[in-house]
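Per chain, numbering begins at 1; letters A, B, ... match sequence-line order.
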Amino acid sequence: MAGSADLPVAELIDVTRLYKMGANEVRALDRFSFTFRAGEYWSIMGSSGSGKSTLLNLLGCIDRPTTGAYRIKGEDTQTLDDDELSELRSRHIGFVFQSYNLIQQLNVLENILVPLIYQDDPPEDGEERARRLAQRVGLGDRLDHKPTELSGGQQQRVAIARALVNDPTFVLADEATGNLDSKTAKEILDLFDELHAEGKTILLVTHEPSVGLRAQKTLRLKDGRIEDVRDNRAVVA
Amino acid sequence: MSVKHGLSGVVRLGIQSLLLHKLRAILTMLGVLFGVASVIAMLAIGEGASAEAQEQIRQLGSQNVILRSVKPPEDLRGGGETTRVSSYGLTTSDFERVRDTFPAVVRTVPVRQLQQEVRLEERVLNPRVLGTDAQYVNVTGRKVCEGRFLSDQDQAAVSNVCVLGYEVARFLSPFESSLGKSIKVGGEYFTCVGVLLPRVPLGSDPAQPGVEVTGEVFVPLETGRSWFGDTQVKIRSGSREMEEVQLHEIYVQVDSDEHVTLVADAAKEMLKRQHKQKDWEVVVPLELLLQAEKTKRTFNIVLGSIAAISLLVGGIGIMNVMLATVTERTREIGIRRALGAKRRHIVTQFLVETVVLSVGGGLLGIALGLVIPAGVEHWAKMKTVVTPDAPILAFAISAGVGVVFGIYPAWRAAAMDPVEALRHE
């Protein structure tokens, strides 16, 4: 991997996220610090209530820390307004959701293009890129299909192509295999392996140990703090 | 191809989203459709009704003041007699005084109405036979379509000539020109020297049997007076009634619009002094016109308010549907926001959908709004006028309705928290 490897892509520094639940305060993340580096493939695990969903939202810039700092490629996100944060999402983050979350009225090609249409200065070759990515995930011949005409696995492939179209700083996958049968899930995880091998940074949130083990490294949360950090290659090896 | 969506792209997207629920979209459009159609139809019918009235007034001439003889109340002179002569109305000296007194008066035209039958061979008619002079066409703006109007020489020579109104000419001589024909008016023969164009374009053919023909025949004032005198006989419900009226109308043309009221008031004062009884009236077409315009404005405001209410109802319908749509598509909003859509993108998306709905309804409404007046004209035989600004106005209003009633749902959509929206089922 080239020189960009090992650069911090996402840094959380002393991040706390509080939720008010009536009179109670819930500390979803508690003075949490961690750094993800370029080219890494992480799985983020933890039981429900461990804070992994909160971490996912913060990483994806659709939520903000109550205190602490979050930097993407060195850029501080605390000072950004809603528009700037949206622009940042459209440039740096590739979302893959559990339930695919394709837009029903758009066809495959249009769905892949969605992150680009919201950029302030979209690339000229966007459509070409989208076609290439559709080809890459094996749906080059289904560009005109609507999501309802595709199987779950195919929809998730479209979602992955969509997550890659903006050439993101990292791919953020939320239980990406949760709705798929084991065979299809394996295909999607193979695809992530390939992307990782190509140098993409992938952060995969999951509660399934078998899925978590496919990643290079695993970050385990408990009660809003880091419980465990493990290099899976060592285990496998 | 660039990825950036132009306006057409956004509109296309909006239409695509609306097409997911075709029936709902169509039903939503109906509200605006009927609102816009009613605006156009009401304006067209209102405009048509007042246009006819205004045209009639305008033909009297906006720079004219018309003095008319009015039969005074009869009870002053006791009833019971079967034959009597009542003498009233404007006189030749009134005419001369008006002509000579006011500097603002440009032309003065006397008109006398004669009760005479008009006949050509076996065709008989009872039109208004008017004794007047050469200036009549200049004051009333009537146009000659054949031959000429009465001249000063006719007047001076007391010639037996007449000019026929278009309807009369068509009736008396449907298949050939009436020019040069000897028309029998009362007991005398008059040579036809001209035909006037009708006041308003004719709706029906006067030559057809069963159609009531009104119309006018013009003869020189002096000729009329010398043949028929000042006394006229009216036969009314068994009693013969004799009337002596020197002049029925005096048309007074004034040099400018500003002097119209001035001359009218002065003429009233003068007539009040000269006449013992109120056997006259002063008609000011300009005032009638202003009055008619005022009435029309009131009429338009009333119709406009009714139409505005129906548009308001349509708008509320659209807003209701859009609010439901926003709730229904909360997840889509969450996805778009997560993928980088800014608030303004979401606002634009929903606003465009609303505007597409309302403008779509508006366009269909314009089509319906143009059909309704045509139908009214065809079946109800009412005149309608679709002014070119009515559809433009209606279109602008429908687009406005879309924007006004779309803003709140769009804002609601954009204000959603992406995390919450993504969690929505």
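Scanning all heavy atoms of the two residues, the minimum distance from B:K342 to A:Y118 falls at NZ-O, 2.8 Å. The heavy-atom pair separating A:Q105 from B:Q16 by the smallest distance is O-OE1, 3.8 Å. Taking each heavy atom of A:L106 and B:R336 in turn, the nearest pair found is CD1-NH2, 4.0 Å. Across A:S90 and B:G340, no two heavy atoms sit closer than the pair CB-CA, 3.7 Å.
Side-chain contact between A:S99 and B:R331 is present, with at least one heavy-atom pair separated by less than 4.5 Å. B:R344 has its side chain within reach of A:D83: a pair of non-hydrogen atoms, C-beta onward, lies under 4.5 Å apart. Contact check for B:L339 versus A:N166: no side-chain heavy atoms found under the 4.5 Å cut-off.
Residue A:R136 qualifies as enclosed at atom CZ: its count of foreign heavy atoms under 6.0 Å is above 12. Surrounding CZ of B:R24 are more than 12 heavy atoms belonging to other residues, nucleotides or ligands, all under 6.0 Å away.
Only the side chain of A:R162 comes within less than 4.5 Å of a heavy atom in chain B; its backbone stays farther off. Contact of A:I62 with chain B is made through backbone and side chain together, with heavy-atom distances under 4.5 Å. Of the atoms belonging to A:N57, it is side-chain heavy atoms, and not backbone ones, that fall under 4.5 Å from chain B. In this structure, chain B has a heavy atom under 4.5 Å from the side chain of A:E110, while its backbone stays farther away. Of the two parts of A:L102, only the backbone, made up of N, CA, C and O, holds a non-hydrogen atom closer than 4.5 Å to a non-hydrogen atom of chain B.
Note on B:R423 versus A:D174: no salt bridge recorded, every NZ/NE/NH1/NH2 to OD/OE distance being 4.0 Å or above.
With rounding to the nearest 0.5 Å, the separation of CD1 in A:I117 from CG in B:L13 is 6.5 Å. Here the CZ-CD1 distance, from A:F97 to B:I335, works out to 6.5 Å after rounding to the nearest 0.5 Å.
A distance-only check finds a donor-acceptor pair linking the side chain of A:R89 to the backbone of B:R337 [under 3.5 Å].
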